[in-house]
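Heavy atoms only: backbone and side chains are in, while hydrogens, waters and symmetry mates are out. Proteins get letters first, then strands, A, B, ... in listed order; numbering begins at 1 in each.
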There are 2 protein chains.
Amino acid sequence: MSEADLPPPAARFTRMSAPERRAELVAAALACMARGGIQDFTVDRICAKAGVSRGLITHHFGSMNGLLAAVYGAMYSAATEAARAPAPGESRLSVLLDAFFAPAVFNRSALTVWLTLWGQIAVNAELRAAHRAHYARYLDDVALAINEVAAANGRVVDPEALARTTICLVDGLGIQHCVDPASMPARRAKAACRRLLVPQIGRF
Amino acid sequence: MSEADLPPPAARFTRMSAPERRAELVAAALACMARGGIQDFTVDRICAKAGVSRGLITHHFGSMNGLLAAVYGAMYSAATEAARAPAPGESRLSVLLDAFFAPAVFNRSALTVWLTLWGQIAVNAELRAAHRAHYARYLDDVALAINEVAAANGRVVDPEALARTTICLVDGLGIQHCVDPASMPARRAKAACRRLLVPQIGRF
DNA sequence: GGATCAACTATACGGTTGTTCAACAAAGAG
DNA sequence: CTCTTTGTTGAACAACCGTATAGTTGATCC
């Protein structure tokens, strides 16, 4: 009976493995950032969202900068994992374009996070270095896919330069969708990319 | 003699007309933002940079949000004023492209400010409304210039759609230059724009 | 030369920031 | 069972945030 009279167990806190908790904190940080940009990327808001005490961010990430880097990594992973394996007869470039404008990637929340991260990259040397490393692999992937199509169509192009331009266009289309979604739906954005690429490398 | 013994006049402050002071505060805010993004867009830093007391921002702009709007307006003006009148026989589109990638516009400092402003636009409804209004006129200008070339070359295109895509590409190229200037110099950026446009509307 | 007005300073205010730290709780090892 | 480890709390900290406000300075007008 004495046990029954005790206040509800109400586990004062739930224990998690470090990787689980980190993932949860990153998710909470993403939610905050999607809603309010860098202004909502604060210890208080993120911990409240995650339902944990304020000390945990420092414990798991060392600092807010560490969490920011983790958030960037998570966004990058989500973007690259959106690309499935190409079906037989389907070009890898086509798959990439689908991935760029998939609903899970090309939506206002996610793009607000990207815009916020870019703003930080421009100002934070550490984050910028991490970005460049990721970007190099990203560029290679796109260049390879472009080269594949160009070769199949017997076109001669500079795959890297065209890949860089394509990525810039994708980024710019994302900004536009973020600021005014109706003016740049995913369908239109993808079509714009094709209109850039097809004259250079042929149909795909 | 008593006058000579006084501490140097050292005008405790210099007086300006309201528009002059506002311009100076906007310039200081731009400098801060270019260096440290939204984190350096603070009363303390801006007023220190401008060499005035902390009260002046509220006095002249009502709030930091007011100053932010003024900064946005200043950036927009600077961008549009970079376009000179077309020389005889020169297309307006060519002039626009020159303006987009002029050194005063296409440089890391200015683009850091833009990136920061976009991050705020994505999150600040007031600023977003102002941006859309500006953007509409901007879009019209580009569409008109595109249509001019297309008509001269006997091409049929959707000028507005192509203008929107072009602007997105310009923005994306700007991000890239901001994050890694060497990888996207103005020359290359301009060439990328032409590579998008020429297949659609012909040479200009 | 005194009144008026706007530009400006300087301080104070409550609230929020990121980080530190000692104490605590739960799980696993021996 | 005890000991160790580690995820977690919660409070404390100094620093900084934006805004409000009372008072000072300098130019302008009559």
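Nucleotide C:dT19 holds its C1' atom 14 Å from the CD1 atom of A:I46, rounded to whole Å. Rounded to a whole Å, the CG atom of A:D40 is 15 Å from the C1' atom of D:dC17. Protein atom CG of A:L25 is 12 Å distant from nucleotide atom C1' of D:dG7, rounded to whole Å. Distance B:R22 CZ to C:dA6 P: 13 Å, rounded to the nearest Å. Atoms CD (A:Q39) and P (D:dC16) sit 19 Å apart, rounded to a whole Å. Atom CD1 of A:I57 and atom C1' of D:dT9 are 14 Å apart (whole Å). Straight-line distance from the CD atom of A:E20 to the C1' atom of D:dG7: 12 Å, rounded to whole Å. One atom, CG of B:L56, and another, C1' of C:dT11, lie 15 Å apart when rounded to the nearest Å.
Smallest separation of non-hydrogen atoms from A:F106 and A:F100: CB-O, 3.8 Å.
The side chain of A:H60 places no N or O atom within less than 4.0 Å of a non-bridging phosphate oxygen (OP1 or OP2) of D:dT6.
Within the 3.5 Å criterion, the main-chain N or O of B:H134 finds a donor-acceptor partner in the side chain of B:Y76. With hydrogens and angles ignored, the 3.5 Å screen pairs a side-chain donor or acceptor of B:N107 with a backbone N or O of B:P103. The backbone N or O of A:A182 sits nowhere less than 3.5 Å from a side-chain atom of A:R188 that would complete a donor-acceptor pair.
Among C:dT9, D:dT6, C:dA7, the nucleotide with an atom closest to any side-chain atom of B:S53 is C:dT9. Of the candidate nucleotides C:dA7, C:dT19, D:dT19, D:dT19 has the atom nearest to the side chain of B:S63. When distances run from any side-chain atom of A:T58 to the nucleotides D:dT9, C:dC8, C:dT19, the shortest one goes to C:dT19. With C:dG18, C:dA6, C:dT9 as the candidates, the nucleotide lying closest to the side chain of B:R15 is C:dA6. Comparing D:dC17, C:dG18, C:dA7 against the side chain of A:M64 picks out C:dG18 as the nearest.
Using a 4.0 Å heavy-atom criterion, one finds that A:F61 contacts no nucleic acid atom at all. Counting any heavy atom pair closer than 4.0 Å across all strands shown, A:H59 reaches a base atom. If you check every strand for non-hydrogen atoms under 4.0 Å, A:R54 touches a base. Within the nucleic acid shown, A:S17 has no heavy atom closer than 4.0 Å to any nucleic acid atom. Residue-level contact check: A:T42 touches the backbone only, with heavy atoms under 4.0 Å from sugar-phosphate atoms and none from bases.
There is a side-chain donor-acceptor pair under 3.5 Å between A:Q176 and A:S183.
Comparing B:M16 and A:F41 against DNA chain C, the residue whose closest nucleotide sits nearer the 5' end is B:M16.
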